[in-house]
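Heads up: the structure comes next, in structure tokens.
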Amino acid sequence: MKNRIATSLVSTSKRCAPRQHGTPAILAHTCRSTYQSCYSSTVAPPSVSQPPNADYLAFPGAAKSAFSHSLKFEQPSTHPALSTYRVVDQNGVVVDPNFKPDLSDEEVVKLYRDMLTTSIMDIIMFDAHRQGRISFYMVAAGEEATSVGSASALAKEDVVFLQYREQGVLVQRGFKLAEFMNQLFANKYDPGRGRNMPVHYGSRELNVHTISSPLATQLPQAAGAAYALKIQHRQNPSAPPRVAICYFGEGAASEGDFHAALNIAATRECPVIFFCRNNGYAISTSTQEQYRGDGIAARALGYGIDTIRVDGNDIWAVREATKKAREMALQDGGKPVMIEAMTYRVSHHSTSDDSFAYRKKVEVEEWKRRDNPIIRLRKWMEAKGIWDEDKEREARESIRRDVLKAFSEAEREKKPAMRSMFEDVYEDLTPDLKVQMAELRSHLERYPEEYDVDEFEGGKDSLTSQP
Amino acid sequence: MTARKQLLRRAMVPQPVARLFSPTVAIPQRRYSTHPPNAKLNLPTDYSATSLLSHTSQQTLSNPELPADVRAGTTKRMNLFQAVNDALATALAEDESVLLFGEDVAFGGVFRCSMNLKDTFGGDRVFNTPLSEQGIMGFAVGLAAENMRPVAEIQFADYVYPAFDQLVNEAAKFRYRDGACGRSVGGLTVRMPCGGVGHGALYHSQSPESLFTHIPGLRVIMPRSPVQAKGLLLAAIRSNDPCVFMEPKILYRAAVEQVPTAPYTLPLGKAEVLKEGKDVTVISYGQPLYKCMAAIQEIEKSMGVTAELIDLRTVYPWDKEEVFKSVRKTGRCVVVHESMVNAGIGAEIAAAIQEDSKTFIRLEAPVVRVAGWSIHTPLVYEQFNIPSVARIHDNLKKVLEY
Ligand SMILES: Cc1ncc(C[n+]2csc(CCOP(=O)(O)OP(=O)(O)O)c2C)c(N)n1
Ligand SMILES: [Mg+2]
């Protein structure tokens, strides 16, 4: 037994031995032909060979570190904060002289309408919660440009992982109002089959994975998904290359999964865009209590990942950065890129939260006065002569009408069939689950007065192993 | 129709969409699990009337588990989050080594359990952590390893999994690993809100106690009421074993009781007989106890039997003696819990009962489990998943008629 382990260890190390170390060419060849299983194509294995009189030492863990004779600890405070990329300022004035919009007027208006749609739907649904019509909601007020702007730079085939405050991504990708409402009312058309809390959207058609409440779990998943896309593209180069994009909050970035994700994405060179919405709060916890470094963008550098910080309320900056990040993510076989979009959570965390328990109303009011992503683009469009008061009013009214129409249609629909509570736990119902379903059904038959099964499609009759 | 029923009805009645922009009227949050008009069993628990809560000071102070000086003292009306707050304030005041932290704890916590504690005890002892359960738990283990008494909060039990490694591989094994060196992390207590509230779906409803009861070294506790919460939480904090303290979040506001103002502990590892009976033993813990009580009242009326109701309180290491004693008397047993039936607390209790030969020979019927199905906790189906009064009733009947 001992021997077997030893042999296998040797053979593994042989397979992975870098070529410079005198590995026979034949082995190195085997290594490469088994899909670069040792080191990926672009990164050379660390070399510890030392040129004579070098002024640096090639430790395996930190290549090319220069010798220094001053005993000096690096201090975060002596490094300037990463700058924030911006194209258009608060007043809608272009500040980047090189900026040329790459969209037609209609396309710009479409993005503007996407932001408006997000915002108007949010207002209506927040109110709907207060009236007891839905059980929960989360608005993205003030953060519309982060989602809509970044989504606009993606391809339809790209794979999207969301946190929960990115309804703008869905709107931009073509998620219909009816689809939002079906999910929010958990009716029979909700693809989540009535199982998830409101705002946990997902769409296979739009390549958006269904939102999961546990924070940051989507980050390493996005790295894995991106690696899948990379391998699949190698196996089928005729298909267009794809990236994965992963949205998350600056609070979620404190989770272990965030760090795991960056490191594995960097080492496996995954074509993934990590998109952080830094809105200043994680529920009541301010960024001051969340971290002490230079935001989230700076962390990426530590993992060897290209990174940029952008003004998240400037849709043009967000779009330009994401466009470029997508390009970079696909270069040379792929690599991760980090975008940190700076913004502000204007509203309460969710319908369960009253943010004035931990922040001052004036702070929010001041922010609202100073900056708003929708108003910024509007000013830009007005200066360009493609938008005015009438168009604004017309757009708002028609969006509001459309939302309310989708709202009332979805609210009327029945809930999904009851059997769906037992399905999708496994690919097929297990014998155990079949027994449980039958048990529930016979219980409902014995106690018909005790349950309201009529609001579910097909009542209790769907509780049968043979649908 | 009671006012409560009317309110619930109104919440369910569809209203014209135009009303959406009229001035907001206070309509209670829509629950996906309400009750149908002719229900007799599946009614919302009336916490203001249940005999499981002490509505008077006298009732509270007659509790024989309370020490004499506490029983000679006063009580105060508190709901469960206030009782937790009271226990935390007591612990922070009586022991300088107690620290309280977690996500959003400083402003009072998302369930208000830590209200005012930062102001009273200072930001060094009551503070927000960065958003990392793994970090919170490892930090707590480290504090406890150096003789502090950390009380860590996990915002929802559903989010405890990143902390699993620290709890299972570290907290639980610390004493065992250190052996004769003699160190432990017994000072550690981790609190987490758990259980269904009607609209929590996959990630705001879970009750993962049996994942922890599988782990020797951890004490796993779930209180049913404010009086219990205060006494058991203080006991957990003072205990020299790491404790997982699970708070049924639906009870935070709903369960109101006269709670002794003086500090007191209630015993860990001890079940409590809440109601004596001779024909069937009903074992549960946390919120389902209220549903058990309602089902028992119905079945006693209709079948002319009496049922014994036991609150396990500590679900591990659990009070086998009290359970065996009761089942030997009644010969019948029903175990009720919210979490999945497979490999749950019910499985452990049923197995232990049949393993104990003196209890086994007294059994008149198989031990029955009423629990969540072997599924995740789905939004719109919660009323069919979490044991309802009717389902408990149904199973009681089955066991009694066996
Ligand atoms: C693992 C985990 N822990 C805790 C929570 C509870 N929780 C939900 S949202 C949130 C704050 C997240 O803040 P951030 O990532 O900054 O996103 P934002 O809400 O600001 O958009 C917390 C603590 C959770 N959902 N998952
Ligand atoms: Mg945030």
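Chain letters run A, B, ... following the sequence lines, proteins first and then strands; every chain starts at 1.
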Please classify the contact of [X] with chain B as side chain, backbone, both or neither, using a heavy-atom distance under 4.5 Å.
X: L440(A); result: both
X: P448(A); result: neither
X: A252(A); result: backbone
X: T217(A); result: neither
X: R412(A); result: neither

Would you mind reporting whether [Y] and [X] have side-chain heavy atoms less than 4.5 Å apart?
X: V341(B); Y: Q436(A); answer: yes
X: Y161(B); Y: P214(A); answer: no
X: E133(B); Y: E255(A); answer: yes
X: H376(B); Y: R195(A); answer: no
X: F156(B); Y: S213(A); answer: no

**Message:** Does F456(A) form a side-chain contact (heavy atoms from CB on, under 4.5 Å) with V380(B)? I'd like the steps, not just the answer.
**Reply:** CA-CA 9 Å; F456(A) 298 90; V380(B) 298; 4.0 Å; yes
Quick check for you: to the nearest 0.5 Å, what is the distance between [X] atom [atom1] and [Y] atom [atom2]?
X: H393(B); Y: H443(A); atom1: NE2; atom2: NE2; value: 10.5 Å
X: F384(B); Y: K460(A); atom1: CZ; atom2: NZ; value: 11.0 Å
X: E382(B); Y: M421(A); atom1: CD; atom2: CE; value: 10.0 Å
X: L379(B); Y: N196(A); atom1: CG; atom2: CG; value: 8.0 Å

**Message:** Using a 4.5 angstrom heavy-atom cutoff, name the option from S212(A), A253(A), G192(A), A216(A) with the most pairs to chain B.
**Reply:**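 Highest number of pairs under 4.5 Å: S212(A).
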**Request:** Against chain B, work out which of E449(A), R446(A), H200(A) has the most heavy-atom pairs shorter than 4.5 Å and name it.
**Result:**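 When all of E449(A), R446(A), H200(A) are compared, E449(A) has the most.
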Just wondering, more than 12 heavy atoms not from [X] lying within 6.0 Å of its [atom1]?
X: D124(B); atom1: CG; value: no
X: I264(A); atom1: CD1; value: no
X: K397(B); atom1: NZ; value: no
X: F164(B); atom1: CZ; value: yes
X: M340(B); atom1: CE; value: no
X: F127(B); atom1: CZ; value: yes
X: E427(A); atom1: CD; value: no
X: F356(A); atom1: CZ; value: yes

Mind listing the closest non-hydrogen atom pair of [X] and [Y] along with its distance?
X: A282(A); Y: L131(B); result: CB-CD1, 4.0 Å
X: S254(A); Y: P130(B); result: OG-CB, 3.8 Å
X: G200(B); Y: M197(A); result: O-SD, 3.5 Å
X: Y451(A); Y: Q383(B); result: CE2-O, 3.8 Å
X: S284(A); Y: N128(B); result: OG-ND2, 4.3 Å
X: Q134(B); Y: G256(A); result: OE1-CA, 3.4 Å

**Request:** Output the residues of residues 105-117 of chain B for which the shortest heavy-atom distance to chain A is under 4.5 Å, in residue-number order; output 'none' if no such residue exists.
**Result:**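 At a heavy-atom separation under 4.5 Å, chain A is reached by F107(B), V110(B).
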**Item:** Modelled atom types, side-chain donor and acceptor of T285(A) and E103(B), under 3.5 Å
**Value:**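 E103(B) and T285(A) do not have a side-chain donor-acceptor pair below 3.5 Å.
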**Request:** Indicate whether the side chain of Y447(A) and that of S388(B) have a donor and an acceptor atom separated by less than 3.5 Å.
**Result:**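 No, no side-chain donor-acceptor pair sits under 3.5 Å.
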**Item:** Region of N385(B) in contact with chain A, defined by heavy-atom distances below 4.5 Å
**Value:**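 Its backbone and side chain both get close to chain A.
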**Message:** Below 4.5 Å, heavy-atom pairs only: which of L41(B), N395(B), D394(B) has the largest tally toward chain A?
**Reply:**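 Winner by heavy-atom pair count: D394(B).
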**Prompt:** Quick one: of S374(B), P378(B), A201(B), who has the most non-hydrogen atom pairs under 4.5 Å with chain A?
**Reply:**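 The residue among S374(B), P378(B), A201(B) with the greatest pair count is S374(B).
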**Request:** Give a yes or no on whether the backbone of P36(B) and the side-chain of D452(A) come within a donor-acceptor separation of less than 3.5 Å.
**Result:**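 Side chain of D452(A) to backbone of P36(B), a donor-acceptor pair under 3.5 Å: no, none is there.
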**Request:** Give the intermediate values and the outcome of side-chain contact (heavy atoms from CB on, under 4.5 Å) for residues S420(A) and Y381(B).
**Result:** CA-CA 9 Å; S420(A) 122; Y381(B) 310 110; 3.2 Å; yes
